[in-house]
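The structure appears right after this line, and notes come after that.
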2 protein chains.
Amino acid sequence: MYTIKDVALKAGLSQATVSRVINNHPYVSEDKKIAVKNAMEELGFVPNSSAQQMRNVKTKKIAVLVSRIANPFFSHLVDAMEKRAATYGFQLILCNTRIDKAKELEFFKLLTSKQVDGIIMASVENHWSEIEPFTKYGPIIYCNEYDPDATVTRVRLDQVEGGYMGTKHLLEKGHLKIAYCQGNDSSVSVNRRKGYLKAIAEAGIEPVKEWMFRDVFTIEDGRNIFRKIQALSNPPTAVFSGSDEVAAGIIHEAKKNSWHVPKDLAVVGFDDQPIAELLDPQITTINQFTTDIGYQTMDVMIEIINKTRINDAQDIILPIELIERQST
Amino acid sequence: MYTIKDVALKAGLSQATVSRVINNHPYVSEDKKIAVKNAMEELGFVPNSSAQQMRNVKTKKIAVLVSRIANPFFSHLVDAMEKRAATYGFQLILCNTRIDKAKELEFFKLLTSKQVDGIIMASVENHWSEIEPFTKYGPIIYCNEYDPDATVTRVRLDQVEGGYMGTKHLLEKGHLKIAYCQGNDSSVSVNRRKGYLKAIAEAGIEPVKEWMFRDVFTIEDGRNIFRKIQALSNPPTAVFSGSDEVAAGIIHEAKKNSWHVPKDLAVVGFDDQPIAELLDPQITTINQFTTDIGYQTMDVMIEIINKTRINDAQDIILPIELIERQST
DNA sequence: TTGTAAGCGTTATCAT
DNA sequence: ATGATAACGCTTACAA
């Protein structure tokens with residue numbers, strides 16, 4: 001484990017000069033620079049980053065909070081973020097909050113103890129009032145989560161529009177009885193629901209309580225939703241499912257029970273995951289352009305870290321599109 | 001940004017005592033301990049981890065190398081690893097190598113510069129001789145990659161058995177013309193191929209060059225494989241596809257071209273991903289117990305970091321199982 | 001252009 | 001049981 005001192009000794013120069021070469025400062029003569037580089041090479045020297053960070057050098061690490069990386073939406077999002085971060089020499093620390101408020105707060109220690117240069121919240125469990133105090137330790141931005149109280153940059157998709165689009169599409173297909181699935185009460189869900197309610201309201205339809213489902217996340221949850229729908233005395237004829245996974249579960253279970261999709265039950269997914277195109281019938285879904293939002297968010301974070309941008313309460317809204325397939 | 005000094009001042013004690021409380025050393029009287037804790041609480045003090053790491057305290061970070069987190073096998077694996085790591089207070093640094101030898105080597109800087117306590121290689125691009133020099137900087141272990149030269153712990157699945165199982169199953173179904181798909185020449189692929197070759201050899205069958213496909217990873221690649229098979233003058237009647245994604249692509253394209261699966265073409269997947277059960281026909285596949293291997297690997301790594309286990313050249317082999325569905 | 005030396009915030013070794 | 005104080009490896013005034 002060699003230090004700067006060893007390199008200096010070997011090169012016959014001072015530690016300061018070695019440090020200057022490492023940080024490629026100006027005012028180092030070419031020959032000394034070469035001498036230092038040779039010495040570093042020979043010893044296989046690598047600077048100790050803890051020591052560097054003590055001197056307020058950046059960690060070049062960014063924490064990304066997601067509820068669960070195994071969720072394909074998040075794995076694709078993080079993949080895009082990592083790709084972009086890497087081009088700027090940043091590493092990602094993966095934080096799965098598992099929809100746990102306390103676990104989420106724990107991760108902010110990464111900021112307060114200076115282990116990361118910033119935090120990207122691709123999912124958020126706590127209210128802004130809990131999170132705000134951490135902003136004085138470093139930049140925090142939101143990705144695809146919208147909290148109007150949060151006084152930081154929010155890169156996001158227009159979820160209201162997403163909910164509206166999907167529902168409107170079903171209305172145009174002639175459906176009047178449209179069920180709605182959501183996960184927990186995240187900003188994403190809340191806004192999508194707004195869009196859903198807006199669309200049915202425009203059509204003069206009242207929301208029906210038994211058709212509003214909560215805490216629906218997985219394929220298995222989707223299966224259960226179908227079973228519930230099947231058991232209803234007055235079942236809906238269409239479902240806005242909130243994710244392609246849930247849609248897949250509903251469709252698969254429906255087929256198993258000899259319901260025809262979309263004739264007996266039309267289903268709209270969300271995310272345009274690979275599976276949406278593979279199922280029979282293929283799923284009508286809403287594309288969120290995961291890669292774009294990942295890139296954009298990372299760009300914003302790195303600009304804030306590099307102080308070429310300020311982290312004010314602004315929304316960067318990316319487009320969204322409906323992809324019509326066979327399930328509607 | 002408060003330091004230990006501020007806490008000491010506030011509590012009217014020395015820095016040493018504060019440090020002792022932080023690290024809960026013995027020989028601190030109860031009342032002083034409380035005084036220090038109150039002071040820390042009031043100031044909202046959090047120890048600076050760079051400073052701690054300078055004193056050779058562990059980073060509590062582990063780097064996980066995967067080729068691409070968006071690959072469902074890896075996202076589930078990393079999910080399991082993160083879950084286990086979190087229970088021991090460790091964070092994961094996500095490293096996507098993107099099948100790039102140079103990029104992979106870059107990540108070892110995390111070890112040499114003491115930014116992580118260890119590295120888990122869930123994918124490996126470089127030969128062991130390139131990786132070995134880094135072992136003196138910290139523990140490196142392999143997960144689901146088998147390199148007999150690597151003198152470190154390898155937690156893995158019996159890929160030879162996996163290839164053998166899948167092929168044997170097709171043979172038992174009466175197939176004599178079995179194609180084989182693989183990704184790049186990773187140890188996983190090489191071993192699976194061994195199993196495949198062993199199975200057909202036992203049945204007295206010679207491998208056919210046109211039925212061995214390489215660099216097949218995605219759904220789209222699977223589609224292409226079907227097109228190639230279709231164009232063959234002497235096409236196989238079954239395919240060992242190497243992944244459920246590839247299998248899904250093959251099956252979907254086959255259906256589009258009015259081939260019946262499994263009658264015209266039987267397909268075996270790999271991984272037992274959710275999609276395997278949702279497709280029509282459902283995919284016969286091989287379950288790798290992703291969660292188990294994630295947990296096991298993380299346990300081993302943490303034990304090595306905690307010095308309760310030595311990192312010698314041993315294999316920890318986890319079971320694998322065939323799940324028969326409708327595609328064969 | 002190069003070197004000297006003072007910190008950065010901890011922990012650990014001595015004393016006391 | 002508690003307190004000085006010397007490291008840890010690096011960066012950066014300040015001097016030369």
Side-chain angles (χ1 to χ4, degrees), chain A residues 1-40 43-61 109-117 137-138, chain B residues 1-40 43-61 109-117 137-138:
Chain A
M1 198 69 294
Y2 295 105
T3 73
I4 223 177
K5 204 169 170 178
D6 302 310
V7 178
L9 222 60
K10 179 138 205 149
L13 290 162
S14 72
Q15 299 185 29
T17 306
V18 176
S19 172
R20 289 192 186 101
V21 173
I22 291 170
N23 301 285
N24 47 81
H25 275 267
Y27 309 128
V28 184
S29 66
E30 209 50 43
D31 51 333
K32 314 257 165 185
K33 196 181 279 179
I34 290 167
V36 169
K37 283 192 170 162
N38 284 340
M40 296 202 300
L43 297 175
F45 165 83
V46 183
N48 178 319
S49 27
S50 306
Q52 293 182 309
Q53 282 158 36
M54 282 268 299
R55 307 291 320 216
N56 277 327
V57 175
K58 296 271 160 258
T59 65
K60 289 277 199 170
K61 291 195 186 59
K109 259 199 206 144
L110 289 167
L111 242 203
T112 54
S113 63
K114 291 184 175 296
Q115 300 184 66
V116 298
D117 297 334
Y137 296 96
Chain B
M1 197 72 290
Y2 295 106
T3 73
I4 226 178
K5 204 169 170 179
D6 302 309
V7 178
L9 222 60
K10 179 139 206 148
L13 291 163
S14 72
Q15 300 186 28
T17 306
V18 176
S19 173
R20 288 194 186 97
V21 173
I22 292 170
N23 300 285
N24 46 79
H25 274 267
Y27 309 129
V28 184
S29 66
E30 208 50 41
D31 51 334
K32 316 258 165 184
K33 196 182 281 180
I34 290 168
V36 168
K37 283 193 171 163
N38 284 340
M40 296 203 299
L43 297 175
F45 165 83
V46 182
N48 178 319
S49 25
S50 305
Q52 293 183 308
Q53 282 158 36
M54 282 267 304
R55 306 292 320 213
N56 278 324
V57 175
K58 296 275 163 254
T59 65
K60 289 276 199 170
K61 290 194 186 61
K109 260 198 204 143
L110 288 167
L111 242 202
T112 53
S113 63
K114 291 184 174 297
Q115 300 184 69
V116 297
D117 297 335
Y137 295 96

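Numbered from 1 within each chain, the chains take letters A, B, ... in sequence-line order. Worth saying up front: this structure is predicted, and the values here are computed from it rather than measured. Below, each value reflects all heavy atoms present in this structure, side chains not excepted, and no hydrogens, waters or symmetry copies.
Of the candidates B:R55, B:Q52, B:Q53, B:Q53 is the only one forming a side-chain hydrogen bond (donor to acceptor under 3.5 Å, both in side chains) with A:S50.
A 6.0 Å sphere centred on NZ of B:K109 holds no more than 12 heavy atoms belonging to other residues, nucleotides or ligands.
Residue B:T17 is classed as a sugar-phosphate contact, given heavy-atom separations below 4.0 Å to backbone atoms only. Looking at heavy-atom distances under 4.0 Å, A:N23 makes contact with sugar-phosphate atoms alone, never a base. In this structure, A:F45 reaches the sugar-phosphate backbone alone: every heavy-atom distance under 4.0 Å involves primed, P, OP1 or OP2 atoms, never a base. Across all strands, A:T3 comes closer than 4.0 Å only to sugar-phosphate atoms, never to a base (heavy-atom distances).
Straight-line distance from the CG atom of A:N48 to the P atom of C:dG9: 17 Å, rounded to whole Å. The CE atom of B:M40 sits 17 Å away from the P atom of C:dG9 (whole-angstrom rounding). One interatomic measurement links the two molecules: OH of B:Y27 to C1' of D:dG3, which rounds to 17 Å at whole-angstrom precision. Computed from coordinates, the A:I4 CD1 to C:dG3 P distance equals 13 Å when rounded to whole Å. Between the CG atom of B:L9 and the P atom of D:dA4 there is a distance of 12 Å, rounded to whole Å. Between A:M54 atom CE and D:dG9 atom P there is a gap of 12 Å when expressed in whole angstrom units. To the nearest angstrom, P of C:dT10 lies 14 Å from CD of A:Q53. What separates CD of B:Q15 from P of D:dA4 is a distance of 10 Å, to the nearest Å.
Contact annotation: the side chain of A:I4 approaches that of A:I22 to within less than 4.5 Å [non-hydrogen atoms, C-beta and beyond]. The side-chain heavy atoms of B:M1 and A:K114, taken from C-beta on, include a pair separated by under 4.5 Å.
Of the candidates C:dT4, C:dT2, D:dC10, C:dT2 carries the atom nearest the A:L13 side chain, counting heavy atoms from C-beta on. Of the candidate nucleotides C:dT1, C:dA5, D:dT11, D:dT11 has the atom nearest to the side chain of A:V57. For B:I22, the side-chain atoms get nearest to C:dT11 when compared with the rest of C:dT11, D:dT2, C:dG9. When each of C:dT10, C:dG3, D:dT11 is scored by its nearest atom to the side-chain atoms of B:A51, the top-ranked nucleotide is C:dT10. Residue A:S14 has its side chain nearest to C:dT4 when only D:dC10, D:dC8, C:dT4 are considered.
The shortest heavy-atom contact between A:F45 and A:T3 is CE1-C, 3.5 Å.
For C:dG3, its base sits under 3.5 Å from the side chain of A:R20 at one donor and acceptor pair at least.
The side chain of A:H25 contributes an N or O atom lying less than 4.0 Å from OP1 or OP2 of D:dT12. Using a 4.0 Å cut-off, some side-chain N or O of B:S29 falls inside it from OP1 or OP2 of D:dT2. Contact annotation: B:Q52 reaches the phosphate of C:dT11 (side-chain N/O to OP1 or OP2, under 4.0 Å). The side chain of B:K32 places an N or O atom within less than 4.0 Å of a non-bridging phosphate oxygen (OP1 or OP2) of D:dT2.
The nearest heavy atom of DNA chain D to B:N56 and to B:A16 marks one nucleotide each, and the one closer to the 5' end goes with B:A16.
The backbone N or O of A:S49 lies less than 3.5 Å from no partner atom in the side chain of B:S113, so there is not a single donor-acceptor pair.
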